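Report on the structure given below.
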Amino acid sequence: MALAARLILGVVFLLSGALKLRDPSWLAAARQFGAPRLVAITIAPTEIFLGAMLVTGTASPWPSIASEIILAAFTVGMLRVMRRPVNQRPSCACFGRWTARPVGSSSVVRNLVLLALAAISSGG
């Protein structure tokens, strides 16, 4: 079960990072969440790096633990943004333009599922 969770999480991170890099508007979306520019520009490469480590099983369980931390931070950011009126919420763009819609409860639920996968893959 831990292997399957790690592989699924790794593929999700690889896909998310790659789609963000392909979307020139993604950086602006990250900034609307309040991410500082230096942090925002590192998110996609970090996701790709973690995804590759998860898929290959490199340095286990540290990539899973790092994924838990990042997903928790993303989820807190989403919950913070969800306090705004719907028409003032930035697009999630968690997977680039593919998911460009205002942050909502489905975004949080997705992250909670990914957090569960990260916890399973880290053995926690």
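This structure is a prediction, so every number in the text was calculated from the model and none was measured. FYI, side chains are in, hydrogens and waters are out, and symmetry mates aren't considered; it's all heavy atoms of this structure.
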Task: Neighbour count >12 (heavy atoms, 6.0 Å) for atom CZ, Phe49 - done: no
Open item on the list: Please check this pair: side chain of Ser121 against backbone of Ala5, looking for a donor-acceptor N/O pair closer than 3.5 Å.
Closed with: no
- [ ] Kindly say whether Val103 contributes a backbone atom to a donor-acceptor pair with the side chain of Arg89 at under 3.5 angstrom?
- [x] yes
Task: Where at least one partner belongs to residues 8-23, residue pairs that pass salt bridge (charged side-chain N to carboxylate O under 4.0 Å, His left out), sequence neighbours excluded - done: Lys20-Glu47, Asp23-Arg97
Using every non-hydrogen atom in the two residues, find where [X] and [Y] come nearest and quote the distance to one decimal.
X: Gly10; Y: Leu54; answer: CA-CB, 3.6 Å
X: Gly77; Y: Phe33; answer: O-CD2, 4.0 Å
X: Arg37; Y: Leu27; answer: NH1-CD2, 2.9 Å
X: Ala59; Y: Met53; answer: CB-CE, 3.7 Å
X: Leu9; Y: Ser67; answer: CD2-CB, 3.9 Å
X: Thr58; Y: Pro63; answer: O-CG, 3.2 Å

From [X] atom [atom1] to [Y] atom [atom2], the distance as rounded to the nearest 0.5 Å:
X: Leu50; Y: Ile65; atom1: CG; atom2: CD1; value: 11.5 Å
X: Cys94; Y: Trp26; atom1: SG; atom2: CH2; value: 8.5 Å
X: Leu117; Y: Leu7; atom1: CG; atom2: CG; value: 11.0 Å

Should [X] and [Y] be counted in the same cluster of Ile, Leu, Val, Met, Phe, Trp and Tyr side chains packed under 4.5 Å apart?
X: Ile8; Y: Phe13; answer: yes
X: Met82; Y: Val109; answer: no
X: Met78; Y: Leu115; answer: yes
X: Ile41; Y: Ile43; answer: no
X: Phe74; Y: Ile48; answer: no

Open item on the list: Assess, by modelled atom type and distance only, whether the side chains of Ser64 and Ser122 contain a donor and an acceptor separated by less than 3.5 Å.
Closed with: no
Task: Where at least one partner belongs to residues 71-84, residue pairs that pass side-chain hydrogen bond (donor to acceptor under 3.5 Å, both in side chains), sequence neighbours excluded - done: Thr75-Asn111
